[in-house]
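Worksheet for the structure shown next.
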Amino acid sequence: RVIIHIDIDCFYAQVETILNPSLCGKPLGIKQKNIVVTCNYEARALGVEKLMSIKTALEKCPSLVLANGEDLKKYRDMSEKIYQILQSFSPFVEKLGLDENFIDISHKINKSPEIKPEVSGHIFEEKNSDETCACGCTDRLKEGSIIAQEMRNQLKSELGITSCAGIACNKLLAKLVGATHKPNQQTTLFSASSLNLMKSLKHPRNIPGIGSAMNRKLEVLGIDTIEKLQATDLFKLIEALGVKTANQIQQLSFGIDDSHVKITDRPKSIGAEDGFPTIKSETEVRKKLKCLLDRVWELVEKDGRRPSQVKLTVRKLHATNHSVRETRQTAIDLTTGVPSNAPLGPLSENQEKKVITTLMNLFEKVVNCDESWQVTLLGISF
DNA sequence: ATGGATGAG
DNA sequence: CATTCTCATCCAT
């Protein structure tokens with residue numbers, strides 16, 4: 001296969017700069033509550049980092065400009081335009097978050113090209129890449145790099161968006177190799193270098209699919225390098241992690257990934273949440289929920305499907321000074337009074353009342369009415 | 001079906 | 001460590 005991974009450079013910051021060109025060239029941070037969730041390269045050069053507190057960021061970089069990124073609408077809109085452009089190259093596009101996409105272009109590769117393509121962009125380990133693989137994948141990947149370049153050119157010319165691309169024979173390797181030259185560059189991995197790319201990661205945690213929880217389990221087993229993960233006896237790994245996970249992550253450690261590019265269809269849930277210092281009365285909760293409901297309903301209306309379930313998310317301040325998220329969900333019938341296949345319109349007064357009542361019932365299942373409680377986040381999803 | 005754990009950006 | 005604001009998948013119940 002030929003898989004391309006496209007990753008937009010500091011996505012939120014690029015969107016803000018396109019919306020407000022006067023930000024161009026200035027250090028820019030995107031703020032959500034007390035945190036700089038991401039920032040542009042100018043800000044990074046001045047010491048600002050992802051997920052840094054606003055306070056620290058401004059100490060490090062007093063000239064930092066902040067844009068509020070709590071409402072994701074602008075980013076969703078741009079993400080959709082990017083997806084549309086990529087889809088014009090291949091129907092097999094999988095979205096990962098708002099700013100990354102995998103594209104399978106295997107079917108577009110010319111079986112017998114008149115002219116052997118040269119590669120566009122970087123080659124991973126260029127010096128060791130003079131061998132041409134007998135199976136023909138080297139030429140296919142070269143052709144893939146040309147297509148990736150065309151995708152990135154089009155994102156730039158039509159949307160003004162710069163991006164990175166990785167080109168490889170599977171999703172894992174495409175994503176990893178694309179990150180080796182940033183920003184606004186692309187890198188192709190020829191299969192002979194796969195193991196070297198994997199070993200260059202150093203820590204198992206850097207493998208997509210190995211998160212913090214699994215990393216802790218691996219550390220308990222004394223596995224703290226890719227090479228140790230490769231060398232661990234599979235039966236020992238199965239004991240600790242189960243057959244499925246053990247096999248999967250050991251395969252990944254060798255750069256093997258058979259997972260398909262899964263076409264992204266409509267989301268299975270649509271939600272909105274809001275965090276705040278603390279609230280402690282049901283009246284305040286009701287008010288927050290109404291506000292959230294208005295925001296979610298915009299998205300639900302655009303989606304067009306009639307919700308059949310509601311879920312409430314609550315983050316409580318636990319005694320031990322750390323917070324815990326809990327969710328409660330239930331079925332909801334929003335069809336009363338309208339034909340069940342009528343187009344979804346704005347929330348009627350009756351519907352709003354029904355949703356809020358349902359949510360307050362769910363809320364009472366989360367909080368212990370007798371004891372005092374502090375809530376620091378509420379979320380609604382359908 | 002429900003809710004938590006875990007993973008992604 | 002999580003912190004923000006989402007969404008998906010897997011698993012136990």
Side-chain angles (χ1 to χ4, degrees), chain A residues 5-13 15 29-39 49-57 66-76 78-79 82 94-102 163-164 171-172 175-176 178-179 204-219 241-245 248-249 252 259 262-277 292 295-296 299 303 308-315 317-318 320-332 362 365-366 376-382:
Chain A
H5 177 257
I6 300 265
D7 187 343
I8 309 302
D9 302 324
C10 49
F11 180 55
Y12 288 6
V15 172
I30 308 304
K31 172 186 143 107
Q32 283 174 345
K33 296 287 140 56
N34 255 312
I35 281 171
V36 177
V37 287
T38 187
C39 59
E49 291 167 20
K50 289 180 183 181
L51 302 183
M52 196 158 75
S53 78
I54 298 284
K55 184 168 170 292
T56 313
L66 291 170
N68 192 105
E70 286 162 18
D71 189 331
L72 305 183
K73 182 172 193 321
K74 1 175 201 183
Y75 315 128
R76 280 199 266 254
M78 184 62 83
S79 182
I82 290 165
E94 176 179 349
K95 231 149 87 84
L96 184 58
L98 293 178
D99 73 324
E100 294 185 24
N101 288 275
F102 292 99
S163 58
C164 287
K171 288 169 63 178
L172 202 225
K175 176 170 167 104
L176 292 175
R205 178 65 233 258
N206 295 137
I207 295 177
I210 298 185
S212 58
M214 193 131 76
N215 192 233
R216 277 194 300 276
K217 291 181 194 170
L218 291 177
E219 274 173 358
L241 307 173
V243 192
K244 206 172 166 228
T245 312
Q248 193 198 295
I249 70 166
L252 291 177
S259 69
K262 195 183 172 252
I263 296 174
T264 299
D265 43 24
R266 293 186 298 176
K268 292 165 186 55
S269 70
I270 294 172
E273 59 182 48
D274 190 16
F276 28 75
L292 277 171
R295 281 213 287 136
V296 190
L299 300 171
D303 178 88
S308 57
Q309 295 272 323
V310 229
K311 173 151 70 173
L312 175 73
T313 301
V314 178
R315 185 176 64 193
L317 213 52
H318 205 262
T320 59
N321 195 26
H322 84 332
S323 51
V324 181
R325 294 173 74 116
E326 286 179 53
T327 65
R328 296 293 181 268
Q329 72 179 280
T330 188
I332 190 161
L362 292 173
K365 293 171 72 172
V366 178
T376 62
L377 176 142
L378 289 168
I380 303 176
S381 65
F382 288 105

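Numbered from 1 within each chain, the chains take letters A, B, ... in sequence-line order.
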Quick one: [X] [atom1] to [N] [atom2], roughly how many Å, whole number?
{"X": "A/Gln32", "N": "C/dT4", "atom1": "CD", "atom2": "P", "answer": "9 Å"}
{"X": "A/Lys50", "N": "C/dT4", "atom1": "NZ", "atom2": "P", "answer": "17 Å"}
{"X": "A/Phe382", "N": "C/dC7", "atom1": "CZ", "atom2": "P", "answer": "12 Å"}
{"X": "A/Glu49", "N": "C/dT3", "atom1": "CD", "atom2": "P", "answer": "19 Å"}
{"X": "A/Leu299", "N": "C/dT6", "atom1": "CG", "atom2": "P", "answer": "8 Å"}
{"X": "A/Leu377", "N": "C/dA2", "atom1": "CG", "atom2": "P", "answer": "16 Å"}
{"X": "A/Leu292", "N": "C/dC5", "atom1": "CG", "atom2": "P", "answer": "10 Å"}
{"X": "A/Leu378", "N": "C/dC5", "atom1": "CG", "atom2": "C1'", "answer": "14 Å"}

Original post:
When every nucleotide of nucleotides 3-9 of chain B is labelled 5' to 3' by its protein contacts under 4.0 Å (heavy atoms), B for base, S for sugar-phosphate only, - for none, what sequence of letters results?
Top reply: BS-SSSS
Original post:
Which nucleotides of nucleotides 8-13 of chain C have their base under 4.0 Å from a protein heavy atom (B), which only their sugar-phosphate (S), and which neither (-), written as one string 5' to 3'?
Top reply: SS----
**OP:** Write down the distance separating the C1' atoms in B/dG3 and C/dT4, rounded off to the nearest Å.
**Re:** 22 Å
[X] [atom1] to [Y] [atom2] distance, which is reported to the nearest 0.5 Å:
{"X": "A/Leu98", "Y": "A/Lys74", "atom1": "CG", "atom2": "NZ", "answer": "13.0 Å"}
{"X": "A/Thr264", "Y": "A/Phe102", "atom1": "OG1", "atom2": "CZ", "answer": "10.5 Å"}
{"X": "A/Asp274", "Y": "A/Arg295", "atom1": "CG", "atom2": "CZ", "answer": "6.0 Å"}

**OP:** Step through the shown structure and confirm whether more than 12 heavy atoms of other residues, nucleotides or ligands are within 6.0 Å of CD on A/Glu326.
**Re:** yes
Under 4.0 angstrom between [X] side-chain N/O and [N] OP1 or OP2:
{"X": "A/Thr38", "N": "C/dT4", "answer": "no"}
{"X": "A/Arg315", "N": "C/dT4", "answer": "yes"}
{"X": "A/Lys31", "N": "C/dT4", "answer": "no"}

Subject >> Set of residues satisfying side chain to side chain donor-acceptor pair (under 3.5 Å) with respect to A/Thr327, sequence neighbours excluded >> reply: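 By the side chain to side chain donor-acceptor pair (under 3.5 Å) rule, A/Thr327 matches no residue at all.
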**OP:** Establish, from distance only, whether the side-chain atoms of A/Ser79 and A/Lys95 form a donor-acceptor pair under 3.5 Å.
**Re:**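 Result is yes, a qualifying pair exists.
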Subject >> Shortest non-hydrogen contact from A/Val36 toward A/Ala57 >> reply: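 In this case the closest contact between A/Val36 and A/Ala57 is CG2-CB, 3.8 Å.
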Original post:
Salt bridge check: are A/Glu273 and A/Arg315 linked by an N-O gap of less than 4.0 Å?
Top reply: no
Original post:
Hey, does the side chain of A/Glu70 reach the backbone of A/Lys33 with a donor-acceptor pair shorter than 3.5 angstrom?
Top reply: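 Yes, because the side chain of A/Glu70 sits within donor-acceptor range (under 3.5 Å) of the backbone of A/Lys33.
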